[in-house]
Amino acid sequence: LVILETNNPNSSNGPDVIFYRNSASPADGDELGRLAFRGRNDGSQDINYANIIAEAIEVSDNIEGGALNFNTYNNGTSATRMVIIAVVKLRVKDLSDPSSALPGDQGAALQFQGWDGNSFETMATIFAATEGTAANGDIPSNLRFLTTPDGAAAATEKMRILSDGK
(Lines give C-alpha, C1' and ligand atoms only; values in the text may rest on other atoms or scores of the structure.)
Protein backbone atom coordinates (compact mmCIF):
# COMPACT_ATOMS: atom_id res chain seq x y z
CA LEU A 1 0.00 0.00 0.00
CA VAL A 2 1.31 3.41 -1.02
CA ILE A 3 -0.35 6.66 0.04
CA LEU A 4 0.76 10.03 -1.30
CA GLU A 5 -0.51 12.83 0.86
CA THR A 6 -0.07 16.56 1.24
CA ASN A 7 -1.46 18.96 3.80
CA ASN A 8 -0.61 22.07 1.78
CA PRO A 9 -3.76 24.24 1.54
CA ASN A 10 -2.68 25.65 -1.85
CA SER A 11 -4.81 24.03 -4.58
CA SER A 12 -1.90 23.96 -7.06
CA ASN A 13 0.38 21.85 -4.86
CA GLY A 14 -0.71 18.24 -4.60
CA PRO A 15 1.33 15.12 -4.08
CA ASP A 16 3.23 14.46 -7.31
CA VAL A 17 4.77 11.35 -8.79
CA ILE A 18 7.36 12.07 -11.46
CA PHE A 19 8.84 9.50 -13.81
CA TYR A 20 11.94 11.26 -15.17
CA ARG A 21 14.10 9.84 -17.95
CA ASN A 22 17.36 11.81 -17.84
CA SER A 23 19.03 10.61 -21.03
CA ALA A 24 22.20 12.05 -22.56
CA SER A 25 20.79 11.09 -25.98
CA PRO A 26 16.98 11.26 -25.94
CA ALA A 27 15.33 9.65 -28.96
CA ASP A 28 11.87 9.39 -30.44
CA GLY A 29 10.22 6.27 -29.06
CA ASP A 30 11.99 6.37 -25.68
CA GLU A 31 9.96 4.82 -22.88
CA LEU A 32 9.56 7.42 -20.11
CA GLY A 33 7.92 5.34 -17.44
CA ARG A 34 5.71 2.35 -16.80
CA LEU A 35 3.00 1.42 -14.34
CA ALA A 36 2.81 -2.36 -14.23
CA PHE A 37 -0.11 -4.27 -12.75
CA ARG A 38 1.42 -7.64 -11.91
CA GLY A 39 0.03 -10.82 -10.44
CA ARG A 40 0.71 -14.54 -10.42
CA ASN A 41 -0.92 -17.06 -12.68
CA ASP A 42 -1.82 -20.62 -11.66
CA GLY A 43 1.63 -21.75 -12.87
CA SER A 44 3.32 -19.60 -10.19
CA GLN A 45 4.62 -17.16 -12.83
CA ASP A 46 4.57 -13.37 -12.45
CA ILE A 47 2.50 -11.78 -15.22
CA ASN A 48 2.07 -8.08 -16.03
CA TYR A 49 -1.68 -8.29 -16.65
CA ALA A 50 -1.79 -4.61 -17.62
CA ASN A 51 0.68 -1.76 -18.23
CA ILE A 52 0.41 1.96 -18.76
CA ILE A 53 3.51 3.09 -20.61
CA ALA A 54 4.52 6.71 -21.24
CA GLU A 55 6.49 7.24 -24.43
CA ALA A 56 8.30 10.19 -26.00
CA ILE A 57 7.01 10.24 -29.58
CA GLU A 58 8.92 13.35 -30.64
CA VAL A 59 11.89 14.76 -28.69
CA SER A 60 12.83 17.66 -30.99
CA ASP A 61 12.93 21.02 -29.19
CA ASN A 62 9.69 23.03 -29.40
CA ILE A 63 7.71 20.21 -31.08
CA GLU A 64 7.87 17.60 -28.31
CA GLY A 65 5.10 15.01 -28.24
CA GLY A 66 4.16 12.13 -25.99
CA ALA A 67 1.86 9.13 -25.77
CA LEU A 68 0.29 6.89 -23.17
CA ASN A 69 0.06 3.26 -24.24
CA PHE A 70 -2.43 1.00 -22.46
CA ASN A 71 -1.46 -2.67 -22.68
CA THR A 72 -3.36 -5.70 -21.43
CA TYR A 73 -2.67 -9.40 -21.37
CA ASN A 74 -5.09 -11.66 -23.25
CA ASN A 75 -4.72 -15.34 -24.22
CA GLY A 76 -1.13 -15.37 -22.98
CA THR A 77 0.01 -12.30 -24.91
CA SER A 78 0.49 -8.67 -23.96
CA ALA A 79 -0.62 -6.14 -26.58
CA THR A 80 -1.35 -2.43 -26.85
CA ARG A 81 -5.12 -1.94 -26.70
CA MET A 82 -5.33 1.86 -26.66
CA VAL A 83 -2.95 4.76 -27.29
CA ILE A 84 -3.52 8.37 -26.28
CA ILE A 85 -1.35 10.74 -28.24
CA ALA A 86 -0.95 14.49 -28.26
CA VAL A 87 -3.38 15.06 -31.14
CA VAL A 88 -6.40 14.84 -28.84
CA LYS A 89 -6.69 18.46 -27.74
CA LEU A 90 -9.18 20.49 -25.79
CA ARG A 91 -8.56 24.19 -26.25
CA VAL A 92 -11.30 26.20 -24.62
CA LYS A 93 -9.68 29.52 -23.83
CA ASP A 94 -6.52 31.14 -22.60
CA LEU A 95 -6.94 31.02 -18.83
CA SER A 96 -4.38 33.80 -18.44
CA ASP A 97 -6.91 36.10 -20.15
CA PRO A 98 -10.36 34.78 -19.19
CA SER A 99 -12.07 37.87 -20.65
CA SER A 100 -11.02 36.98 -24.20
CA ALA A 101 -13.44 35.24 -26.58
CA LEU A 102 -12.64 31.95 -28.27
CA PRO A 103 -10.63 32.32 -31.47
CA GLY A 104 -12.29 30.81 -34.56
CA ASP A 105 -12.15 27.05 -35.00
CA GLN A 106 -10.86 26.30 -31.52
CA GLY A 107 -12.53 23.41 -29.80
CA ALA A 108 -11.92 19.74 -29.19
CA ALA A 109 -10.85 16.98 -31.56
CA LEU A 110 -11.08 13.24 -31.18
CA GLN A 111 -8.77 11.43 -33.57
CA PHE A 112 -8.88 7.72 -34.37
CA GLN A 113 -5.68 6.08 -35.59
CA GLY A 114 -4.69 2.66 -36.87
CA TRP A 115 -1.35 0.94 -37.29
CA ASP A 116 -0.24 0.58 -40.94
CA GLY A 117 2.66 -1.73 -40.12
CA ASN A 118 5.14 1.11 -39.63
CA SER A 119 3.38 3.92 -37.79
CA PHE A 120 0.01 5.11 -36.50
CA GLU A 121 -1.98 6.85 -39.23
CA THR A 122 -5.19 8.88 -38.96
CA MET A 123 -8.33 6.95 -39.85
CA ALA A 124 -11.00 9.45 -38.78
CA THR A 125 -11.49 12.63 -36.76
CA ILE A 126 -14.45 14.23 -35.03
CA PHE A 127 -13.79 17.93 -34.51
CA ALA A 128 -15.78 20.58 -32.63
CA ALA A 129 -15.31 24.15 -33.81
CA THR A 130 -16.78 27.55 -33.07
CA GLU A 131 -18.98 29.37 -35.58
CA GLY A 132 -19.01 33.11 -35.23
CA THR A 133 -18.31 35.02 -32.05
CA ALA A 134 -18.42 33.47 -28.60
CA ALA A 135 -19.70 35.85 -25.91
CA ASN A 136 -21.88 36.02 -22.80
CA GLY A 137 -22.58 32.29 -22.45
CA ASP A 138 -23.19 31.87 -26.20
CA ILE A 139 -20.73 29.72 -28.14
CA PRO A 140 -22.16 28.82 -31.56
CA SER A 141 -20.44 25.66 -32.73
CA ASN A 142 -20.42 22.79 -35.21
CA LEU A 143 -19.24 19.20 -35.37
CA ARG A 144 -17.09 18.05 -38.30
CA PHE A 145 -16.59 14.42 -39.26
CA LEU A 146 -13.50 13.46 -41.26
CA THR A 147 -12.50 10.07 -42.67
CA THR A 148 -9.50 8.88 -44.68
CA PRO A 149 -10.32 7.37 -48.10
CA ASP A 150 -8.44 4.35 -49.47
CA GLY A 151 -5.11 5.44 -50.94
CA ALA A 152 -5.21 8.88 -49.28
CA ALA A 153 -2.68 10.19 -46.77
CA ALA A 154 -5.02 12.50 -44.87
CA ALA A 155 -8.54 12.60 -43.52
CA THR A 156 -10.99 14.89 -45.29
CA GLU A 157 -14.27 16.35 -44.11
CA LYS A 158 -17.29 14.23 -45.08
CA MET A 159 -20.02 15.75 -42.93
CA ARG A 160 -20.66 18.83 -40.80
CA ILE A 161 -23.46 19.48 -38.31
CA LEU A 162 -23.94 23.22 -37.98
CA SER A 163 -25.10 25.12 -34.91
CA ASP A 164 -28.66 25.21 -36.31
CA GLY A 165 -28.69 21.40 -36.57
CA LYS A 166 -28.38 21.28 -40.37
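- Among all heavy-atom pairs drawn from F19 and L32, the shortest one is CB-O, 3.7 Å.
- Judged by distance alone, the side chain of N41 and the main-chain N or O of G43 form a donor-acceptor pair under 3.5 Å.
- The hydrophobic cluster containing M123, built from Ile/Leu/Val/Met/Phe/Trp/Tyr side-chain heavy atoms closer than 4.5 Å, comprises no other residue.
- Judged as a salt bridge (charged side-chain N to carboxylate O under 4.0 Å, His left out), the pairs with a partner in residues 12-24 (not counting sequence neighbours) are, in order, R21-D30.
- Using a 4.5 Å cut-off on side-chain heavy atoms (C-beta onward), I84 and F70 make contact.
- Smallest separation of non-hydrogen atoms from S163 and E131: OG-OE1, 2.7 Å.
- A distance of 11.0 Å separates OG1 in T122 from CG in D116, rounded to the nearest 0.5 Å.
- For CG of N136, the number of neighbouring non-hydrogen atoms (other residues, nucleotides, ligands) closer than 6.0 Å is 12 at most.
- Between I57 and G66, the closest heavy-atom pair is CD1-O, 3.7 Å.
- Panel note: side chain N48, backbone A50; no donor-acceptor pair is recorded below 3.5 Å.
- At a threshold of 4.5 Å between non-hydrogen side-chain atoms, the residues L110 and T125 do not count as touching.
- With a 4.5 Å cut-off on side-chain heavy atoms, F127 and N142 do not count as touching.
- Partners of E157 under the salt bridge (Lys or Arg N to Asp or Glu O under 4.0 Å) rule, at least two apart in sequence or in another chain, are R160.
- Between D46 and R38 there is no salt bridge, since no side-chain N of the basic residue sits under 4.0 Å from a carboxylate O of the acidic one.
- Remark: side-chain polar atoms of E58 are paired, donor with acceptor, to backbone N or O of S60 under 3.5 angstrom.
- Taking CG of L68 as the reference point, atom CG of L35 lies at 9.0 Å (rounded to 0.5 Å).
- Note that the CD atom of E121 and the CD atom of Q113 stand 7.5 Å from one another [nearest 0.5 Å].
- The side-chain contact (heavy atoms from CB on, under 4.5 Å) search around T156 returns P149, K158, not counting sequence neighbours.
- Y73 places a side-chain heavy atom less than 4.5 Å from the side chain of I47.
- When hydrophobic clusters are built by joining Ile, Leu, Val, Met, Phe, Trp and Tyr residues whose side-chain heavy atoms come closer than 4.5 Å, directly or via intermediates, V2 is grouped together with I52.
- Side-chain polar atoms of T80 and N69 form no donor-acceptor pair below 3.5 angstrom.
- When the side chains of ILVMFWY residues are joined at heavy-atom separations under 4.5 Å, either directly or via intervening members, F112 and L146 end up in two distinct hydrophobic clusters.
- Here the side chains of N71 and I53 are in contact, with some heavy-atom distance below 4.5 Å.
- Through ILVMFWY side-chain contacts below 4.5 Å, V59 is grouped with nothing and stands alone.
- Residues forming a side-chain contact (heavy atoms from CB on, under 4.5 Å) with R81 (at least two apart in sequence, or on another chain): T72, N74, A79.
- Using a 4.5 Å heavy-atom cutoff, the side chains of P15 and E5 are not in contact.
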